[in-house]
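Reading through the structure tokens given below for one structure.
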Amino acid sequence: MVKEAKLYDIFELEVSVEPYNFKLTAQAYNFSWWYNGRSLIIPLDNVLVKIKEHDKENTLVAEIYSHNNVEYNLDVIVEETAWTLGLHENLAEFYDKANRDPLLGKAAEKLRGYHVRTTSLWNALLIGVCQQNASFRQGWRMLYEIYRRLGQHVMIPGYGETLIPPQPKTIVEKGIEPLIEARTGYRAQTIYRIARFLEETPSLPREPWKLKQFLLEVKGIGEYTVRLSLVLSKRYYEEPPIDRWLKEIIIQVYGVDKSNVEEYYRRIWGKWAGLAALLTTIALDAETLRKALARIREGRTVPEEKDKPTPLTLWKYF
DNA sequence: TGCCAGGCGGGGT
DNA sequence: ACCCCGCATGGC
């Protein structure tokens, strides 16, 4: 039985940073539950926020929905929505730098204005774990199966079916079996441990570097997963998530020795390293390493039209 | 059909 | 600070 959400409130948001591209921000690494080509759904703690572009330039219109009677503070919802979309984040310096980069130069033009659309730390960790030792497509399928089985399906008028993603509490209650059924393999144990850890830890450190040390205590969370999760949930870009895939790309593109990859990458990107890493996956359609390297050699370093899911078209398939 | 994929931990040296 | 292996699963 799928519940229907009701409209509670409407507000507008001004896009005051330049560059900013709503479409790219909304569609990248998203599922059809939360993006349909026009509207973006952001599931917040108690409500669902539906956002689309206004006829007026640099303006977004947002509607607040809920499937049960909730109390909420409008100011808090507005602030959380603006944070999720990165409406106060100025990436002009990043895109200017990226324009001059041999790998990201072309993509920086096409994707200019893309911002990280943040998600909760818990969701970000889930994304990271599903990417472990799997292809992009396998990882996102796992995530899709987890959400589909354990999330709460809700109808939004004028949108269709959306989903409130499962919280750690749900995972703890239902145990690892649904995670195994979602074909997560040995990652199921890690996901379960993360859920229990977050349930049992009442307050986490605010500073990213300290938070990182906490999270690394959980068996199954390593450097890559924790860094990616901090990029996706906190916009903490200082420490780039470099996996086997990006490492080999860096070695070949910049001609650095394998022992200096991270040091080099952090030197050229500075405080934008994590964002550059993420943009690289979008630029190359998250192709597996062999194909990604071939595309770089051919100079095809911008997203292409595909008949299969890519970071920008995931929402058309799942 | 055995590899291998956007990792990780545990074990070695 | 390295190197190596096993690990669920799915796709060549």
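Since this is a predicted model, take the numbers as computed values, not measurements. By convention in this document, chain letters (A, B, ...) are assigned in the order of the sequence lines, proteins followed by strands, and residues within each chain are numbered from 1.
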Would you tabulate the side-chain donor-acceptor contacts of residues 275-283 of chain A under 3.5 Å, counting partners in other chains and residues two or more places apart, or write 'none'?
residue   : atom : partner   : partner atom : Å
Thr280(A) : OG1  : Ala276(A) : O            : 2.7
Thr281(A) : OG1  : Tyr29(A)  : OH           : 2.6
Thr281(A) : OG1  : Leu278(A) : O            : 2.6

For Gly86(A), is there any backbone N or O sitting under 3.5 Å from a side-chain donor or acceptor partner on His88(A)? no
Expected output: side-chain Lys106(A) to main-chain Gly299(A) donor-acceptor under 3.5 Å: yes
So Arg117(A) and Leu40(A), do their side chains get closer than 4.5 Å, heavy atoms only? yes
Side chains of Trp245(A) and Glu287(A) in contact at under 4.5 Å (non-hydrogen atoms): no
Which atom pairs, one a donor and one an acceptor, fall under 3.5 Å between side chains of residues 308-318 of chain A and the rest of the protein, sequence neighbours left out?
residue   : atom : partner   : partner atom : Å
Thr310(A) : OG1  : Leu312(A) : N            : 3.3
Thr310(A) : OG1  : Thr313(A) : N            : 3.3
Thr310(A) : OG1  : Thr313(A) : OG1          : 3.0
Thr313(A) : OG1  : Thr310(A) : N            : 2.9
Trp315(A) : NE1  : Leu312(A) : O            : 3.0
Tyr317(A) : OH   : Asp307(A) : O            : 3.4
Tyr317(A) : OH   : Lys308(A) : N            : 3.1

By a strict heavy-atom criterion of less than 4.0 Å, which residues belonging to residues 132-147 of chain A are in contact with DNA chain C? Asn133(A), Gln138(A), Arg141(A)
When all nucleic acid strands are considered with a 4.0 Å heavy-atom cut-off, which category describes Leu228(A): base, sugar-phosphate, or nothing? nothing
If you count the non-hydrogen atoms of other residues, nucleotides and ligands that lie under 6.0 Å from CD in Glu207(A), is the total more than 12? yes
Kindly state which residues belonging to residues 245-278 of chain A come within less than 4.0 angstrom of DNA chain B, counting heavy atoms of the residue only, listed by number. Trp245(A)
Heavy-atom side-chain proximity of Val256(A) to Tyr265(A) below 4.5 angstrom: no
Treating Arg227(A) as the side-chain partner and Pro240(A) as the backbone partner, does any N or O pair qualify as donor plus acceptor under 3.5 Å? yes
Residue closer to the 5' end of DNA chain C, Lys291(A) versus Ile180(A) (nearest nucleotide): Ile180(A)
Judged by atom type as modelled, is there a donor-acceptor pair below 3.5 Å linking the side chain of Thr59(A) to the main-chain atoms of Glu14(A)? no
Salt bridge (Lys or Arg N to Asp or Glu O under 4.0 Å) against Arg300(A), all qualifying residues, sequence neighbours excluded: Glu298(A), Glu304(A)
Partners passing side-chain hydrogen bond (donor to acceptor under 3.5 Å, both in side chains) against Glu79(A) (at least two apart in sequence or in another chain): none
Check side-chain contact (heavy atoms from CB on, under 4.5 Å) between Asn133(A) and all other residues, then give those that pass, not counting sequence neighbours. Tyr186(A), Arg187(A), Arg244(A)
Nearest whole angstrom, please: distance from the P of dG6(B) to the CD of Gln131(A). 10 Å
With 3.5 Å as the limit, what N/O pairs link the protein to nucleotides 10-13 of chain B?
none

Taking the six-membered ring where the residue is Trp, are the ring centres of Trp140(A) and Tyr147(A) under 6.0 Å apart? no
Proximity to DNA chain C (any heavy atom under 4.0 Å), residues of residues 181-189 of chain A only: Arg183(A), Gly185(A), Tyr186(A), Arg187(A)
Name every residue in residues 298-318 of chain A that has at least one heavy atom under 4.0 Å from any atom of DNA chain B, in order of residue number, or write none if there are no such residues. none
Compare all side-chain heavy atoms of Tyr20(A) with those of Asn58(A) and state whether any distance is below 4.5 angstrom. no
Heavy atoms of chain A, cut-off under 4.0 Å: which first and last nucleotide of DNA chain C, 5' to 3', fall inside that, if you could look? dC7(C) to dG11(C)
Just by modelled atom types, is the Gly37(A) backbone N or O under 3.5 Å from a matching donor or acceptor in the Tyr35(A) side chain? yes
Base, sugar-phosphate alone, or nothing: which one does Leu289(A) contact when heavy atoms must sit under 4.0 Å apart? sugar-phosphate
Ile191(A) with Leu230(A), same ILVMFWY side-chain cluster at under 4.5 Å: yes
Using heavy atoms and a sub-4.0 Å distance, could you list which residues of residues 280-288 of chain A are near DNA chain B? By number, please. Thr281(A), Ala286(A), Glu287(A), Thr288(A)
Is the backbone N or O of Ile221(A) less than 3.5 Å from a side-chain atom of Thr225(A), with the two atoms forming a donor-acceptor pair by type? no
Any donor and acceptor pair, going by atom type alone, linking the side chain of His54(A) with main-chain N or O of Glu12(A) inside 3.5 Å? no
Does the Arg295(A) side chain pair with the main chain of Val302(A), one donor and one acceptor, at a distance under 3.5 Å? yes
